[in-house]
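Hydrogens, waters and symmetry mates play no part in the numbers below; they use all other heavy atoms, side chains included. Below, chain A is the first sequence line, B the second, and so on; all start at residue 1.
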Amino acid sequence: MSVRVRFAPSPTGFLHIGGLRTALYNYLFAKHNDGECILRIEDTDQTRYVESAEKAIVDMCRWAGFDFDEGPEQGGKYGPYRQSERTELYQTHASILIENGEAYYAFDTSEELDRMRERQQKSGLAPKYDRTIMRNQTTLGEDETSRLLAEGEPSVIRLKVPHTGEIRFNDLVRGEVVFAARDIDDQILLKSDGYPTYHLANIVDDHLMEITHVIRGEEWLPSTPKHCILYDAFGWEKPKFAHLPLLLNPDKTKMSKRHGDVFVEDFKNKGFFAEALVNFIALCGWNPSSDREIFSMSELIEYFALEKVNKAGAIFDYKKLEWMNSQYFRSYNPSDLAPELLRILDQYDYPKVSAEYAAQVIKLLRERINFIGDIPTFGDYMFVAPKNFDEEYKSKHWQPETHGNIAPLVGMFESTVEFSHQELHDIVHAYITEKQLALKLIIHPLRLMITGKQVGAGMFETMEVLGKKETLSRMTAFLENNA
RNA sequence: GCAGCGUUCGUCUAGCGGUUAGGACACCGCCCUUUCACGGCGGCGGCACGGGUUCGAUUCCCGUACGCUGUACCA
């Protein structure tokens, strides 16, 4: 049987980075096994529904470099892929459970439930629906239940959990997991608004869509026994389960907005490359037992194995992500990145530059920064002549005799043919040899005059990219006004 | 509270009874050098604790501690 997995997000907002990792692991597992990865939208909570969320989720997965084989957009023979379009399915399946005696109607109001939980907590008991004292099919009897239903009394359908023995299942990440049946709650399956809860919808859909492996976050581990009971109640075969470790904040709590960026959009906007982000989150909780850090998507697919997924949660190390981004930054062809730099440059007041020039600037500066988006600020002087000059740098390297040492160079640079870094290098070295000067007496003043800053790429390379005209104009202007 | 899960350098991790406990990020130092980086070299730094099992435990078992998640007519 072919592998079929699903990513089943709830469309309540932007895609969380942890959600992206869950989706990615599902995708990697599916592709590693030549199987299908399905997108299913779990929009059964009307109160939390966000219109644009579904598109945002799909867009971010595409940006990250993967897509789904079936889903609301692609379609497929197991559709529809939005749970809100499958409500009848859940209702008929809930009815089957009622008829089998595996589920029952309940009429309790939320106030009554609150009071029940309060009482239980006061007496030190775990809050749990007490089937024997509440207003439901078992306490009210069949006649009364039918009467209330006929009258349109608001009702829900609850799972009749067999409260003896234990529920055990094998988790592909954690091994055998055991729960005592007595601790499992009579979960609501169908809400009074007619929509299913996650638990019912999830099981019905996974079964009908022939999902073979349920790969989801660890937060679902405690409700998995309920799902097992449901599969049994329907008489269905269970899929294999794999619960992924959580992505954590630095304080080890579940990664959340309080501690900074958590949405994929945030990382995209911040300027991270999709490949770097994917590479990084793939390695948060999984490792192919290698000393390598950099993996392409196809390599991730090739090596991915659920057996190698870690059990413990992983703190999201932003610094390491930045490092990884810098690795990708340096590996790309500058020309391919030029259009993106041009787009970023549009937000600044600099004169327009060509794509070729942009590529040269990328090549020149990328080893010094982590983000392509840092270029306009770190390398502002590549786009506009400096207005301010680093005071500390100037006082350190511009001495009374510096003007005299530098001035002759203007003419020499003027007479170059190519203005290449090699040519500039040769000229300067010949000059300092003849004048018996240390290179630093020339190179730092040049950097100051031309860039205004004390940090940057190699000076001759910088001058070459800037070009003869611009370089000389900055030098003469500085000599006249600031020296 | 109850339940489940988890615990190797600060962080991500390798390890699946015998290793000088390996790599990466971060940090520190040195080298290179035209500043800053990159790169190279080196350093710092870890098996939560206590019992077993075993000739031998980071590794297997049981406790303890700590942490996390769950405990909704949310997913």
S.K.: Starting from P on B/C60, measure out to CD on A/E176 and report it in whole angstrom.
M.R.: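 Whole-Å distance recorded here is 16 Å.
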S.K.: Please list, for nucleotides 37-44 of chain B, all pairs of protein and nucleotide N/O atoms separated by less than 3.5 Å.
M.R.:
{"residue": "B/A37", "atom": "O2'", "partner": "A/E367", "partner atom": "O", "Å": "2.2"}
{"residue": "B/C38", "atom": "O3'", "partner": "A/R330", "partner atom": "NH1", "Å": "3.0"}

S.K.: To the nearest Å, give me how far apart OH (A/Y318) and C1' (B/A24) are.
M.R.: 19 Å
S.K.: Between A/K308 and B/G15, is there a contact of a side-chain N or O with OP1 or OP2 at under 4.0 Å?
M.R.: yes
S.K.: Answer yes or no: is there a donor N or O on one side and an acceptor on the other, between the side chain of A/N310 and the main chain of A/P245, under 3.5 Å?
M.R.: no
S.K.: For A/N279 and B/A24, what is the distance between atoms CG and P respectively, to the nearest whole Å?
M.R.: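 Going from A/N279 (CG) to B/A24 (P), I get 15 Å.
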S.K.: State, with a plain yes or no, whether a side-chain heavy atom of A/P127 is found less than 4.5 Å away from one of A/Q121.
M.R.: yes
S.K.: Name the pairing partner of B/C55, where a pair is Watson-Crick or G-U wobble with both distances under 3.5 Å, or state none.
M.R.: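 B/G18 - that is the nucleotide pairing with B/C55, both distances being under 3.5 Å.
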S.K.: So A/F329 and A/F273, would you call those rings parallel, tilted or perpendicular, with 30° and 60° as cut-offs?
M.R.: tilted
S.K.: Between A/R131, A/K226, A/K128, which is the residue that forms a salt bridge (charged side-chain N to carboxylate O under 4.0 Å, His left out) with A/D186?
M.R.: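 Of the listed residues A/R131, A/K226, A/K128, the salt bridge (charged side-chain N to carboxylate O under 4.0 Å, His left out) partner of A/D186 is A/R131.
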S.K.: Using a 4.0 Å heavy-atom cut-off across all strands, classify A/P445 as base, sugar-phosphate, or nothing.
M.R.: nothing
S.K.: Return the pairing partner of B/C25 with a 3.5 Å limit on both distances, Watson-Crick or G-U wobble; otherwise return none.
M.R.: B/G10
S.K.: Between B/G29 and B/C38, how many Å separate the two P atoms, rounded to a whole number?
M.R.: 14 Å
S.K.: Assign A/F460 to base, sugar-phosphate, or nothing according to its heavy-atom contacts below 4.0 angstrom with the strands shown.
M.R.: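 The residue A/F460 makes base contact.
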S.K.: Paired with B/U64: which nucleotide, if any, by Watson-Crick or G-U wobble criteria at under 3.5 Å for both distances?
M.R.: B/A48
S.K.: Round to the nearest Å and state the distance from A/E307 atom CD to B/A14 atom C1'.
M.R.: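 Rounding to the nearest Å, CD of A/E307 and C1' of B/A14 are 17 Å apart.
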S.K.: A/R82 and A/E54: salt bridge (charged side-chain N to carboxylate O under 4.0 Å, His left out), yes or no, with the steps?
M.R.: CA-CA 10 Å; A/R82 288 187 196 95; A/E54 182 185 319; 2.7 Å; yes
S.K.: Ring centres under 6.0 Å, that's the criterion: do A/H425 and A/H421 meet it?
M.R.: no
S.K.: Please state how far atom CG in A/L221 lies from atom P in B/G6, giving the value in whole angstrom units.
M.R.: 8 Å
S.K.: After noting the C-alpha distance and the side-chain angles of A/H397 and A/T402, does the key distance pass the side chain to side chain donor-acceptor pair (under 3.5 Å) rule?
M.R.: CA-CA 8 Å; A/H397 293 288; A/T402 305; over 6 Å; no
S.K.: For this output row, return yes or no: ring centroids of A/Y303 and A/F29 closer than 6.0 angstrom.
M.R.: no
S.K.: Among the nucleotides B/A72, B/C74, B/G22, which one has an atom lying closest to any side-chain atom of A/D291?
M.R.: B/G22
S.K.: Considering only the C1' atoms, how many Å lie between B/G67 and B/C61, rounded to the nearest integer?
M.R.: 23 Å
S.K.: Which is true for A/G217 with a 4.0 Å heavy-atom rule: it touches a base, it touches only sugar-phosphate, or it touches nothing?
M.R.: nothing
S.K.: In terms of the nearest nucleotide of RNA chain B, which residue is placed more toward the 5' end: A/V178 or A/Y198?
M.R.: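 Comparing both residues, the 5'-ward one is A/V178.
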S.K.: Heavy atoms under 4.0 Å, any strand shown: does A/K319 hit a base, just sugar-phosphate, or nothing?
M.R.: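 Here A/K319 touches the backbone only, sparing every base.
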S.K.: Under 4.0 Å between a side-chain N/O of A/N310 and OP1 or OP2 of B/U7, yes or no?
M.R.: no
S.K.: Within the sub-3.5 Å range, which N or O atoms of nucleotides 61-69 of chain B have a protein N or O partner, and how far apart are they?
M.R.:
{"residue": "B/U69", "atom": "OP1", "partner": "A/K254", "partner atom": "N", "Å": "3.0"}

S.K.: What's the closest nucleotide to the side chain of A/A314 if the choices are B/U34, B/C12, B/C74?
M.R.: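 In terms of side-chain proximity for A/A314, the closest of B/U34, B/C12, B/C74 is B/C12.
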S.K.: Would you say B/C73 has OP1 or OP2 under 4.0 Å from some side-chain N or O of A/R117?
M.R.: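 For B/C73, OP1/OP2 do have a side-chain N/O of A/R117 under 4.0 Å.
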S.K.: Just the rounded figure in Å: distance from C1' of B/C74 to CG of A/D185.
M.R.: 15 Å
S.K.: Before you tell me yes or no, could you show the steps for A/F272 and A/Y318 under ring-ring contact (aromatic ring centres under 6.0 Å, His included), namely the whole-Å CA-CA distance, both residues' side-chain angles and the distance that decides it to 0.1 Å?
M.R.: CA-CA 11 Å; A/F272 285 100; A/Y318 202 86; 5.7 Å; yes
S.K.: Ring of A/Y129, cation from A/R158 - is the NZ or CZ under 6.0 Å from the centre and inside 45° of the axis?
M.R.: yes
S.K.: Which part of the nucleic acid, if any, lies within contact of A/S289, taking any heavy atom under 4.0 Å across all strands shown: a base, the sugar-phosphate backbone alone, or nothing?
M.R.: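 Sugar-phosphate: the residue A/S289, judged by heavy atoms under 4.0 Å, touches backbone atoms but no base.
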S.K.: State the pairing partner of B/U69; accept Watson-Crick or G-U wobble contacts with both distances under 3.5 Å, and report none otherwise.
M.R.: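 WC or wobble partner is B/A3.
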S.K.: Students often get this wrong, so: under 4.0 angstrom with heavy atoms, is A/T12 touching a base, only sugar-phosphate, or nothing?
M.R.: nothing
S.K.: So, does A/T197 get its side chain near the phosphate of B/A75, meaning an N or O under 4.0 Å from OP1 or OP2?
M.R.: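 No, outside the criterion.
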S.K.: Please report the distance separating the P of B/G23 from the corresponding atom of B/G46, rounded so that it comes out in whole Å.
M.R.: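 That atom pair is separated by 15 Å.
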S.K.: Are A/E299 and A/R292 close enough for a salt bridge, meaning some N to O gap below 4.0 Å?
M.R.: yes
S.K.: If the threshold is 4.0 Å, N to carboxylate O, is there a salt bridge linking A/R330 and A/E367?
M.R.: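 A salt bridge is absent here (no side-chain N lies under 4.0 Å from a carboxylate O).
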S.K.: As a test of reading the structure: which of B/C5, B/A75, B/U11 is closest to the side chain of A/V177, going by heavy atoms?
M.R.: B/C5
S.K.: Students often get this wrong, so: under 4.0 angstrom with heavy atoms, is A/R447 touching a base, only sugar-phosphate, or nothing?
M.R.: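 Here A/R447 touches the bases of the nucleic acid.
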S.K.: Let's see if you can work this out: which of B/C73, B/U11, B/A24 has an atom nearest to the side-chain heavy atoms of A/S192?
M.R.: B/C73
S.K.: So what does A/R158 hit on the nucleic acid, given a heavy-atom distance under 4.0 Å: a base, only sugar-phosphate, or nothing?
M.R.: sugar-phosphate
S.K.: Categorize A/A457 for me: base, sugar-phosphate, or nothing, with a 4.0 angstrom heavy-atom threshold over every strand shown.
M.R.: base
S.K.: Between B/G50 and B/A65, how far is it from one C1' atom to the other, in whole Å?
M.R.: 10 Å
S.K.: Between B/A24 and B/U8, how many Å separate the two C1' atoms, rounded to a whole number?
M.R.: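 To the nearest whole Å, 15 Å.
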S.K.: Using atom C1' of each nucleotide, how far apart are B/G6 and B/C49 to the nearest Å?
M.R.: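 Roughly 16 Å separates the two C1' atoms.
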S.K.: When the P atoms of B/A14 and B/C60 are considered, how many whole Å apart are they?
M.R.: 14 Å
S.K.: When the distance from CE of A/M324 to C1' of B/U11 is rounded to whole Å, what number comes out?
M.R.: 13 Å
S.K.: So which one's nearest nucleotide on RNA chain B is more toward 5', A/D45 or A/M459?
M.R.: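 It is A/M459 whose nearest nucleotide is closer to the 5' end.
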S.K.: For the pair made of NE2 in A/H227 and C1' in B/G70, what is the distance, rounded to whole Å?
M.R.: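 Atom-to-atom, A/H227 to B/G70, this comes out as 12 Å.
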S.K.: Looking only at atom P, what distance separates B/G22 and B/C9, rounded to whole Å?
M.R.: 14 Å
S.K.: Are the side chain of A/K308 and the backbone N or O of A/G285 linked by a donor-acceptor pair below 3.5 Å?
M.R.: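 Looks like no, no N/O pair under 3.5 Å.
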S.K.: If you check the A/D317 side chain, which of B/C25, B/G1, B/G4 turns out closest?
M.R.: B/C25
S.K.: Categorize A/E42 for me: base, sugar-phosphate, or nothing, with a 4.0 angstrom heavy-atom threshold over every strand shown.
M.R.: sugar-phosphate
S.K.: Salt bridge between A/D261 and A/K270, side-chain N to carboxylate O under 4.0 Å?
M.R.: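 A/K270 and A/D261: not salt-bridged.
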